[in-house]
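Single-structure report; data block below.
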Amino acid sequence: MDLSQLKRRSDFEWEIPQRGAMRVPAVIYASEALMREMDQKVYEQAVNVATLPGIVKASYAMPDAHWGYGFPIGGVAAFDPAEGGVVSAGGVGFDISCGVRCLHTGLARADVMAVQKELAEMLYYRIPAGVGSTGAIHLNETEMDAMLAGGAKWAVERGWGEAADLERTEERGQMPHAKPGNVSALAKKRQRDEMGTLGSGNHYLEVQEVTEVYDEAIARAFGLARGDIVVMIHCGSRGLGHQIGTEYLKRMAIAAPQHGIRLPDRELACAPIESDVGQDYLGAMRAAINCALANRQILTHLVRKVFADVLPQARLALLYDVSHNTCKVEEHRADGGTRRLYVHRKGATRAFGPGHPDIPEALRAAGQPVLIGGSMGTGSYVLAGTGESEARSFSSACHGAGRAMSRHQALRTWKGRQVIDALASRGIVVKSPSMRGVAEEAPEAYKDVSAVVDAADLAGLAKKVARVEPLVCIKG
DNA sequence: ATGTTC
C-alpha cells in the first residue's frame, strides 16, 4: 500500500481522511511493515465503505485486511438505522458466521503424542471434510427450520453436546430473530446433508498445544496453561450461508438504486436496514448464523466421540465459540451517546472488553476470548477483548493470518504431499481429502499470523493471551 | 468461503 495518502495517527493507527463522497474517515490498524505489504485494494475498499449511508465514526480495517468482495476482508463498519444506515451482504461475507471454537481437553502433549497417528486417523474418518462433504445427519423441512431458528441450542437439545456448551457460545448458542422462512428452498437443499461437516479452504480442525502464555492472569481465567492440549474448530455455515449471500447480493444490487443509494462499486450492494430487503436479509443471515453455530456444535460432539474412543481420560469442555463474519445489533458509544448500531464484521472478530454483559459470567472479568485461527502449521492465538477496543473498532479485532499468495500461485509453488511431509518432519500430522487443498493452504502462502496478532495487541484491539501450535490437523 | 462457473 502507498502510505503517502494516509495520516499516521499513532504507531499502529492509520487514517484516510474524509474527502469526496466519504461520509466518515477510514482507519486501518497495522504496523508499518504490515501496511507496506497490504493490498492497495484495502485502501480503495475501506474508502468505498466510508461512502455508504448511515455509517458511524469510521470505516475500519484490521491488521489482517485484504481484498474482498466489495468490503475488505478484515473490515468493520457500523450503521445507524435512524440515519438511513444500510446492511450489506458483502459486508458480512459469503461464509456467514464463519468462526472459531476452542475446546479444553485436560490432556498434556505426551497423551496426544502416544496416539497421535490414531487420533488423526479417527478424526479424519469421523469428521467429513472437503468440498460438498456430507455427514450422517439429514434434515427434513421441519428439522431444517428448527435448526435455523435454534442454532447450537437445537443441536444440544438433540443430543449433540452439553447444556454448558451454550453458556460458552456467542448469543448463548441461539441467534435471536432468525427467519428460516427468509431462506430459499435451494439454500436449505444445499444444507440438508451438510450438518456436522468441516467444509474446505482455510477451514480446519486441529489438536493443538499451548506453547506460549503472554498473560498469566487472563490465561488462568480462560483455563489455559502452557503445555495444555486444546481442540480448535474453524468453519462456518457451509453451502447454506453461501447461497444466502449469493441470492441477497443480487436482491441488494437491485434494491440499492431503488432507495437512491449511489454505489462506488457494484459489489457494495446493500439495502437500508429499515427496508424490506434489508429486513429479509437480516432474518436469513441470522438463520445462517444459527446454522454455523449448530454446525460447530455437532462437530464438537463428533470430536468428543473420537476422544472418548482414543483418549477416554479427556474431558472436552468449551472455552468459547466466536464468529468473524456477521452483522450484529450492538450498543456502542459514539458521538457522545449510546447508540444501537448494526455492526458488520467481515473477517473480523468481536472482542468485547472486561465486564461486558454478553461475555459468559465465568470469563466476564477477563474479557471475551478472541480466537484467531492461523494457517496450518504456523499456530493460532487466543486473545482477550479490551475496554479500549470499544472506542477503536466497535470492539473488534483481526481474525487470522490472511493470504499472502493466491491459491493459483500456491498450487504452482508446492505439491500437497511436499507440504504434508514438511509438516510431518515438524511433528504435525495433517489429514485431508484434497492434496490440492493442502498445497493451496501451505503455511508459506499466508502472512505471518504472529505479526498480525502483535499488531492487534499493540493497536489495543485485543490482548495477547496464548499461542497454540498444531499436533494434528484435519484440513478440508 | 463455494455442488470451485454469472
Side-chain angles (χ1 to χ4, degrees), chain A residues 45 64-75 88-101 128-135 138-139 144 183-195 197-205 233-254 265-267 269 284-285 288-289 291-293 295-296 299 323-327 344-349 373-376 399-403 405-412 416 432-441 445-446 474-476:
Chain A
Q45 293 191 319
D64 52 337
H66 53 285
W67 184 13
Y69 186 93
F71 285 56
I73 296 163
S88 170
V92 171
F94 281 91
D95 190 8
I96 296 167
S97 201
C98 183
V100 180
R101 166 176 285 225
V131 176
S133 51
T134 55
H138 311 284
L139 301 183
M144 175 64 68
V183 178
S184 72
L186 178 56
K188 290 175 182 175
K189 183 177 166 228
R190 283 181 67 173
Q191 195 59 30
R192 208 165 45 190
D193 306 315
E194 289 195 347
M195 295 309 293
T197 66
L198 201 54
S200 65
N202 69 354
H203 290 169
Y204 64 73
L205 188 153
I233 300 169
H234 176 205
C235 69
S237 53
R238 307 285 287 105
L240 180 130
H242 189 267
Q243 187 63 32
I244 290 171
T246 304
E247 291 170 8
Y248 278 92
L249 271 168
K250 285 179 192 159
R251 283 186 66 186
M252 287 176 173
I254 296 165
D265 174 358
R266 291 170 55 99
E267 294 185 354
M285 181 210 62
I289 289 177
C291 176
L293 296 178
N295 195 34
R296 290 197 287 273
L299 287 166
S323 301
H324 49 236
N325 282 0
T326 59
C327 174
H344 293 65
R345 295 188 183 88
K346 178 187 189 179
T349 311
S375 62
M376 101 187 122
H399 86 304
R403 291 199 76 88
M405 188 188 283
S406 72
R407 294 188 177 278
H408 191 72
Q409 196 183 344
L411 280 177
R412 283 196 315 242
S432 173
S434 167
M435 282 306 108
R436 178 188 167 144
V438 170
E440 287 179 350
E441 293 293 321
Y446 278 84
I474 309 300
K475 199 76 187 162

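None of these values were measured; they are calculated from a predicted model. Sequence lines set the chain letters: A, B, ... in the order given, protein chains first and strands last, and positions in each chain run from 1.
At the phosphate of B:dT2, neither OP1 nor OP2 sits under 4.0 Å from any side-chain N or O atom of A:Thr246. For A:Arg238 and B:dT2, the shortest distance from a side-chain N or O to OP1 or OP2 is below 4.0 Å.
Within the nucleic acid shown, A:Glu440 has no heavy atom closer than 4.0 Å to any nucleic acid atom. Using a 4.0 Å heavy-atom criterion, one finds that A:Gly199 contacts the sugar-phosphate atoms exclusively. Residue A:Gly236 is classed as having no contact, given no heavy-atom separation below 4.0 Å to the nucleic acid. Residue A:Leu240 is classed as having no contact, given no heavy-atom separation below 4.0 Å to the nucleic acid.
With hydrogens and angles ignored, the 3.5 Å screen pairs no side-chain donor or acceptor of A:Asn325 with any backbone N or O of A:Cys98.
Not counting sequence neighbours, the partners of A:His242 by the ring-ring contact (aromatic ring centres under 6.0 Å, His included) test are A:Phe94. Every residue meeting the side chain to side chain contact (heavy atoms under 4.5 Å, CB included) condition with A:Leu299, not counting sequence neighbours, appears here in chain and number order: A:Ile127, A:Leu198, A:Ile233, A:Cys235, A:Asn295, A:Leu302.
Remark: P of B:dT4 and CE of A:Met435 are 20 Å apart, rounded to the nearest angstrom. The OH atom of A:Tyr69 sits 14 Å away from the C1' atom of B:dT2 (whole-angstrom rounding). When the P atom of B:dT2 is taken as reference, atom CD1 of A:Ile96 falls 12 Å away, rounded to whole Å. Rounded to an integer number of Å, the gap from A:Phe94 CZ to B:dC6 P is 9 Å. One interatomic measurement links the two molecules: CZ of A:Arg407 to P of B:dT5, which rounds to 13 Å at whole-angstrom precision. Put simply, CG on A:Leu249 is 12 Å from P on B:dC6, counting in whole angstrom units. At whole-Å resolution of the value, CD1 in A:Ile73 and P in B:dT2 are 13 Å apart. The interatomic distance linking A:Leu198 (CG) with B:dT2 (C1') rounds to 14 Å, in whole Å.
Of the candidate nucleotides B:dT2, B:dT4, B:dC6, B:dT2 has the atom nearest to the side chain of A:Ser200. With B:dT4, B:dT2, B:dC6 as the candidates, the nucleotide lying closest to the side chain of A:Lys250 is B:dC6.
A:His234 has its ring centre less than 6.0 Å from the ring centre of A:His324.
Salt-bridge formation is detected for the pair A:Glu441/A:Arg403: a Lys NZ or Arg NE/NH1/NH2 atom is positioned less than 4.0 Å from an Asp or Glu carboxylate oxygen.
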